[in-house]
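Count residues from 1 along the sequence.
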Amino acid sequence: MTNIPSRSDMDNDKRIWQPGRHLLPAVILSLCAITSCVQKGADANVGEEAQTADPFYALQDSALSRAPECSDTISIRYARGLKVDYMPDGIHVTISNPDPKAAHAPSQEIVIRQASHRFICTTALQLGNFEVLGLEDEIVGINTLRNLFSPRMRQQIEDGSTVRIGREGNFDLETVIACQPDYIFVSASKHGGFEALKDSGIPLIPHHGYKETDPLGQAEWIKLVGLLTGETRRANAVFEEIERQYLALAAKVRKAIDGKDPSGRPTVISGRQMRDGWYVAGGRSYMARLFADAGADYVMKDNEESGGVTLDFETVYSKGIHADFWQIDGSYDGEFTLAALAEEDERYATMKAFKTGRVIFCNLAHTPYRELAGVQPQLLLADFVKAFHPQLLPDYTPQYYMPLRK
C-alpha cells in the first residue's frame, strides 16, 4: 500500500493543523444535535449552536480533531464517479461521469504518488470541497464567481494568495501559469475555455460530484481532495461526520412515518417556469432523493431523468397544483416573497402550496448554496424535514430553504 505524506508530515511549521485554526460549515454544529436527538430519544436543540453571525462558517474542530484516529486509507461507498485502488506504484484514482446518460463517456485515471498543495478551482462546488476540509490555503486560483461566501477565500483573494483567473471562455492563461498549480479542477457542465487550459500543460481533473444522485455520493467527492492533498485522515473524519448525521436524521424520519399510509405523506413539487419551460428536478435526481429521505412524496417521482429537466408548463402545473409543498431556488437581491413569485406568473397563486404559504425558497444570492450545499447534504435534509415534518425538529432553524413570506 502506498502512503502519501500529509501536510503535517511534510511541514512542521505553518501547515500543521491546530485546533481553532480551520473553519468548518455549521453542519458539524447543528446536525450533531439531530444525531443526539435520535440516540437519546428526546428533542435536542437542533441548530441552536449554529445560529451565529455566520452560521455556514462557524468555528468547529470536533471532526478534524478526530482525524488522527481515522484511517488513512480511502474507500468509496456512495460516489459512483470515483474508484480508488492502492497499487505498488501509487494510488490509482479512476474518475468518471456518474450520470447514467454518460455511461459510455471516457473515464480518466490519475496516479497519486505524492501530496499536492496548489490547485485551481473553476466552480463554487469545487471550492466547497476544500472549504469543508479546512484546506482553503491549498487553492491558488479560482474562477471569477458572481458570489464568493467563504471568509477565508475572500481574505486570500484580498491578500493575493489566491488569484482570479477569469471566466469560462476567457481564462487568463498567463495568470493560470503564474499560479504554478499542480492540478486544475474542471467541470463537464461548463463549455468554453477548458481547451485553452489544456495548452498550459497543467493536468486537468474533471470534478463530477454534482452529477451524483445520492446526496452522500456527492459529498464523498471530498475524499478526492483528501487523496490529492495527502489529507486522507481529515477527509475520512469529515465525511464520517457528514454520513453519520445524514443517516441518523433519515432514520428518524423513517421511524416516524413507518407503517403509515404513503398517501398521507406530504407531497412536493420543485422548480418553476424558466425561459423555455418549467425546470424541475428529475425523478431520479439528487433532489428527488432528498425529498424521499425527508419523508415526502415527490409528484414527479415517475420521471426517469437523473438531473434537472425542462417540461412544458401545463405538464408540471397539472401535477403540482395540489402539492402540499413547493421547493424553488434562485438569485434575488432583496427579499423574495410570495408576491414577487406571483408577479412572475399569475397562475402560481392558484397552487395549493402558494395559498397555504408552504413555498420553501433558497436564495442563491444570500446563501453559499453553490459552494457548500453539495457537501452539506445533512443541512439540506434537515431543512426539508423541518418543512415537511416540523414536529421532528422543533428547535431547528433552516439554513438554506426558508418559507417565503407574503
Side-chain angles (χ1 to χ4, degrees), residues 23-34 46-58 60 123-125 127-129 131-132 145-151 209-210 212 215-216 218-219 242 245-246 249-250 253 266 268-272 279-281 285-296 298 308 325-338 341 353 357-390 392-393 395-405:
L23 293 170
L24 275 179
V27 60
I28 305 299
L29 284 166
S30 62
L31 270 297
C32 282
I34 292 176
V46 178
E48 181 176 322
E49 293 177 285
Q51 313 310 312
T52 63
D54 197 346
F56 297 103
Y57 296 94
Q60 173 52 259
T123 71
L125 176 59
L127 288 179
N129 278 226
E131 292 167 11
V132 76
L145 302 172
R146 180 179 178 184
N147 295 304
L148 181 62
F149 288 88
S150 166
Y210 68 100
E212 298 284 352
L216 289 174
Q218 185 167 133
I242 293 170
Q245 294 168 5
Y246 187 97
L249 181 53
V253 173
V268 59
I269 185 62
S270 74
R272 67 190 197 271
Y279 187 80
V280 300
S285 69
Y286 170 91
M287 190 60 70
R289 175 64 181 273
L290 279 166
F291 292 154
D293 286 345
Y298 184 37
F325 291 90
W326 183 5
Q327 170 266 331
I328 56 176
D329 55 49
S331 294
Y332 198 80
D333 290 337
E335 181 185 6
F336 194 62
T337 62
L338 287 171
L341 179 61
R358 290 180 171 180
V359 181
I360 49 177
F361 176 69
C362 176
N363 194 333
L364 305 179
H366 295 169
T367 65
Y369 183 95
R370 291 190 178 98
E371 282 175 55
L372 293 174
V375 288
Q376 294 184 334
Q378 62 276 58
L379 274 187
L380 292 179
L381 181 62
D383 285 0
F384 292 143
V385 172
K386 178 66 174 182
F388 306 151
H389 304 281
L392 297 181
L393 298 176
D395 300 313
Y396 175 74
T397 299
Q399 300 297 304
Y400 287 106
Y401 281 94
M402 318 287 180
L404 283 185
R405 301 179 182 179

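Counting heavy atoms from C-beta on, the side chains of Leu249 and Val385 come closer than 4.5 Å. For the pair Leu145/Arg370, no side-chain contact is recorded, criterion being any heavy-atom separation below 4.5 Å from C-beta on. Between Tyr286 and Leu380 the shortest side-chain heavy-atom distance falls below 4.5 Å. Side-chain contact between His366 and Phe336: absent, with no pair of heavy atoms (C-beta onward) separated by less than 4.5 Å. Side-chain contact check for Phe384 versus Val268: every heavy-atom pair is 4.5 Å or farther apart. Counting only heavy atoms from C-beta outward, the side chains of Tyr298 and Leu290 never approach each other to under 4.5 Å. Looking at heavy atoms from C-beta onward, Phe291 lies in side-chain contact with Phe388 at the 4.5 angstrom threshold. The side-chain heavy atoms of Ile328 and Val359, taken from C-beta on, include a pair separated by under 4.5 Å.
For the pair Asn147 (side chain) and Ala365 (backbone), a donor-acceptor distance under 3.5 Å is absent. Between the side chain of Asp383 and the backbone N or O of Tyr401 there is at least one donor-acceptor pair closer than 3.5 Å. Under a 3.5 Å cut-off, the side chain of His389 and the backbone N or O of Val253 do not form any donor-acceptor pair. Although no hydrogens or angles enter the test, the distance criterion places no donor-acceptor pair under 3.5 Å between the side chain of Gln376 and the main chain of Gly374. Glu371 places a side-chain N or O within donor-acceptor distance of the main-chain N or O of Phe149, the cut-off being under 3.5 Å. Of the possible polar contacts, none joining the Arg358 side chain to the Pro403 backbone as a donor-acceptor pair under 3.5 Å is found. In this structure, Trp326 contributes its side chain and Gly271 its backbone to a donor-acceptor pair below 3.5 Å.
For the side chain to side chain contact (heavy atoms under 4.5 Å, CB included) with Asn129, the qualifying choice from Leu372, Thr123, Val375 is Val375, the only one to do so.
Shortest non-hydrogen contact noted between Ala281 and Ser270 is N-OG, 3.0 Å. In plain terms, the two heavy atoms of Gly308 and Tyr279 that are nearest each other are CA-OH, 3.2 Å. Nearest heavy-atom pair across Gln218 and Glu212 is N-CB, 3.6 Å.
In this structure, the separation between CE on Met287 and CD on Gln327 is 4.5 Å, given to the nearest 0.5 Å.
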>> What verdict does the side chain to side chain contact (heavy atoms under 4.5 Å, CB included) test give for Tyr400 and Asp329, after you've listed the backbone C-alpha separation in whole Å, the side-chain angles of each residue and the deciding distance to 0.1 Å?
In response: CA-CA 10 Å; Tyr400 287 106; Asp329 55 49; over 6 Å; no
> Which is it for Thr337 and Phe361 under the side chain to side chain contact (heavy atoms under 4.5 Å, CB included) test, yes or no, and what are the steps along the way?
Replying inline: CA-CA 9 Å; Thr337 62; Phe361 176 69; over 6 Å; no
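Side-chain contact, Tyr369 with Asn363: no donor N or O sits under 3.5 Å from an acceptor N or O.
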